[in-house]
S.K.: 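Handing you a structure now.
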Amino acid sequence: MNTESRLIKLYRTRTFSEKMSDTFDFVRENWRPLIKYITYLLLPVALIETFLGDNFMTGNIRFANIIGKNDITEMMPWLSSLIGMMLFTYVGFILLNALVYTMMQQYEQRQGLQGVTFADLKPGILRMTARQMILFAISIVLIVVFFIFFALMITISPFMIFPVILVAILVYPLLILVTPIYLFEDRGIISTYAKSVRLGWKTWAGIVAVTIVLYTIAIILQTVISMPAYIMMGIKEVLTAKGDGAGFVSSFGYSAVQYLLGVIASFCGSCLLSFVTIGTAYQYGHACDKVDGVTVDRDIENFESLN
């Protein structure tokens, strides 16, 4: 089987089963470079994120006593671990999106990822990372606006909580395609959101189906992989709180094994999340072709270029 016959085109109308099969086929065909560069970019993030997460969970054991003293200085290590963990979680999310979308872009342009190097991926990763920072800032603004609106509606009537939440659930899928549109295309912010809403409105059911299925698979597998780390963490919290066996759970060996399991869980979480990212990209390509006829336009351009 040659490279061309195995090429999974981004812009193509797909059924739900084709979206799923193309997502898994892309991973199966390109798992080596995916694992290689996810490790290169996200393993350091996982190391730091797990360290901060361990500090945060350890701080939970003493949190009740700390908060009772109303001493902000004693809460700072706990708060700094929490903020740091959230920050590096977001950094990992940005780098994963930038890496996966850049690899998909290179895959489309090169007719495969054979021989791709980090030097080939670096410009795209930097560009997409910078654009995601812009999206993050806008997302913060939108979230703040939503919560202000939410608070105002509840002030008017407590019963408004249900229609507001329902509207938010219905509107959110319209914005899921914002990231692939803004990263794959050369568009401004307003144009990106407008296109996401337009495509999302006409492919709403597909977006919801792909998102729910892929996130469900990722969450179930992530829960299974993370279970050993959570169990060790729970044992440590219980024994430390009771004072029984605190020396054992505080030993270097126990802490090292717990940290290693946490790093594995965090890293595997990034790998699993890549399935969601890839599936979202193929949903975007499906929506572009179905609504805007992208494939037809490109075929016409290619035909005209031959004449």
Side-chain angles (χ1 to χ4, degrees), residues 1-43 92-125 127-129 131-132 176-185 199 203 206-222 225 267-290 294-295 298-299:
M1 184 178 294
N2 57 35
T3 302
E4 185 175 357
S5 64
R6 291 186 285 108
L7 183 68
I8 306 170
K9 293 184 178 181
L10 177 61
Y11 298 99
R12 183 173 71 84
T13 302
R14 294 172 166 89
T15 63
F16 174 77
S17 61
E18 288 174 334
K19 296 170 194 173
M20 294 294 103
S21 63
D22 282 352
T23 297
F24 289 101
D25 286 346
F26 181 87
V27 174
R28 183 167 57 250
E29 180 182 334
N30 302 289
W31 67 269
R32 286 186 178 87
L34 275 170
I35 293 295
K36 176 181 178 180
Y37 293 118
I38 287 177
T39 302
Y40 185 80
L41 280 182
L42 295 176
L43 184 58
F93 179 75
I94 282 183
L95 291 177
L96 180 68
N97 277 348
L99 172 64
V100 171
Y101 284 142
T102 298
M103 293 184 75
M104 295 186 74
Q105 194 173 57
Q106 287 287 315
Y107 178 87
E108 187 90 357
Q109 294 172 356
R110 299 162 60 102
Q111 305 288 295
L113 289 176
Q114 290 79 7
V116 68
T117 65
F118 187 74
D120 299 321
L121 301 175
K122 184 178 178 180
I125 291 173
R127 171 185 172 274
M128 292 189 181
T129 298
R131 289 176 76 82
Q132 283 185 97
I176 288 179
L177 298 184
V178 163
T179 299
I181 291 172
Y182 196 58
L183 298 189
F184 280 131
E185 303 180 18
L199 296 182
T203 59
I207 293 173
V208 172
V210 168
T211 302
I212 290 178
V213 170
L214 291 178
Y215 264 115
T216 299
I217 295 172
I219 290 172
I220 292 174
L221 293 177
Q222 175 67 9
I225 295 171
F267 177 75
C268 289
S270 297
C271 294
L272 291 170
L273 192 59
S274 67
F275 284 84
V276 181
T277 304
I278 295 167
T280 303
Y282 284 128
Q283 174 63 36
Y284 152 78
H286 159 79
C288 286
D289 189 46
K290 179 180 180 180
V294 173
T295 301
R298 290 191 173 190
D299 289 342

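Throughout, numbering of the chain's residues begins at 1 and tracks the sequence.
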S.K.: Are any of the side-chain heavy atoms of T179 and T280 separated by less than 4.5 Å?
M.R.: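 No; the side chains remain at least 4.5 Å from each other.
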
S.K.: M104 pairs by side chain to side chain contact (heavy atoms under 4.5 Å, CB included) with which of I278, L99, L183?
M.R.: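 Considering I278, L99, L183, a side chain to side chain contact (heavy atoms under 4.5 Å, CB included) with M104 is found only for I278.
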
S.K.: According to the salt bridge (charged side-chain N to carboxylate O under 4.0 Å, His left out) rule, which pairs have a member within residues 32-41, sequence neighbours left out?
M.R.: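 Found none.
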
S.K.: Quick one: does H286's side chain get under 4.5 Å of E18's, heavy atoms only?
M.R.: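 Side-chain contact under 4.5 Å: no.
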
S.K.: Sorted by first residue and then second, give each salt bridge (charged side-chain N to carboxylate O under 4.0 Å, His left out) pair with at least one member in residues 93-104; sequence neighbours left out.
M.R.: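 Every candidate salt bridge (charged side-chain N to carboxylate O under 4.0 Å, His left out) pair involving residues 93-104 fails, so no pair, neighbours aside, qualifies.
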
S.K.: Can you tell if the side chain of F267 reaches within under 4.5 Å of the side chain of T39, non-hydrogen atoms only?
M.R.: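 Yes, side chains in contact.
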
S.K.: Identify the two heavy atoms, one from L7 and one from G112, that lie closest to each other, and give their separation to 0.1 Å.
M.R.: CD1-N, 4.2 Å

S.K.: Just to verify, what does Y101 make a ring pair (Phe, Tyr, Trp, His ring centres under 6.0 Å) with, not counting sequence neighbours?
M.R.: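 For Y101, the residues satisfying ring pair (Phe, Tyr, Trp, His ring centres under 6.0 Å) (neighbours in sequence not counted) are F184.
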
S.K.: Run the ring pair (Phe, Tyr, Trp, His ring centres under 6.0 Å) test against F118 and tell me which residues pass, sequence neighbours left out.
M.R.: Y40

S.K.: What pair of heavy atoms forms the shortest contact from L42 to G92, and how long is it?
M.R.: CD2-O, 3.5 Å

S.K.: Taking salt bridge (charged side-chain N to carboxylate O under 4.0 Å, His left out) as the cut-off, I'd like each qualifying pair that reaches into residues 113-123, sequence neighbours left out, listed once.
M.R.: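 For residues 113-123, and leaving out neighbouring residues, the salt bridge (charged side-chain N to carboxylate O under 4.0 Å, His left out) pairs sorted by first residue read R110-D120.
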
S.K.: Using a 4.5 Å cut-off on heavy atoms from C-beta on, say whether the side chain of L95 contacts that of T129.
M.R.: yes

S.K.: Run the side chain to side chain contact (heavy atoms under 4.5 Å, CB included) test on I8 and Y107 for me, step by step, so that the C-alpha distance in whole Å, both residues' side-chain angles and the decisive distance to 0.1 Å come before the verdict.
M.R.: CA-CA 9 Å; I8 306 170; Y107 178 87; 3.8 Å; yes

S.K.: Report the residues that fulfil ring pair (Phe, Tyr, Trp, His ring centres under 6.0 Å) with Y282, sequence neighbours left out, ordered by chain and then residue number.
M.R.: none

S.K.: Where do A98 and I125 come nearest, in terms of heavy atoms and distance?
M.R.: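 That would be CB-O, 3.7 Å.
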
S.K.: Could you walk me through whether I38 and L96 satisfy the side chain to side chain contact (heavy atoms under 4.5 Å, CB included) test, starting with their C-alpha distance in whole Å, then the side-chain angles of each, then the deciding distance to 0.1 Å, before giving a yes or no?
M.R.: CA-CA 7 Å; I38 287 177; L96 180 68; 4.1 Å; yes

S.K.: Can you check side chain to side chain contact (heavy atoms under 4.5 Å, CB included) on S274 and M103, steps first, answer last?
M.R.: CA-CA 11 Å; S274 67; M103 293 184 75; over 6 Å; no

S.K.: Do L214 and M20 come within less than 4.5 Å of each other through their side chains, counting heavy atoms only?
M.R.: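 Of all side-chain heavy-atom pairs linking M20 with L214, at least one is under 4.5 Å.
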
S.K.: Identify the heavy atoms of F93 and L273 that sit nearest to each other, and give their distance.
M.R.: CD1-CD2, 3.7 Å

S.K.: Quick one, M128 and N97 - any side-chain contact, counting heavy atoms below 4.5 Å?
M.R.: no

S.K.: State, to 0.1 Å, how close G279 and V210 come at their nearest heavy-atom pair, and which atoms those are.
M.R.: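 Shortest heavy-atom separation between G279 and V210 comes out as O-CG1, 3.9 Å.
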
S.K.: Let me know which of I219, I217, L221, I220 forms a side chain to side chain contact (heavy atoms under 4.5 Å, CB included) with L272.
M.R.: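 In the set I219, I217, L221, I220, the residue that makes a side chain to side chain contact (heavy atoms under 4.5 Å, CB included) with L272 is L221.
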
S.K.: Between D22 and R12, is there a side-chain heavy-atom distance shorter than 4.5 Å?
M.R.: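 Side chain of R12 against side chain of D22, heavy atoms only: contact under 4.5 Å found.
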
S.K.: What closest approach, in Å, do P33 and V116 show between heavy atoms, and which atom pair accounts for it?
M.R.: CB-CG1, 4.5 Å

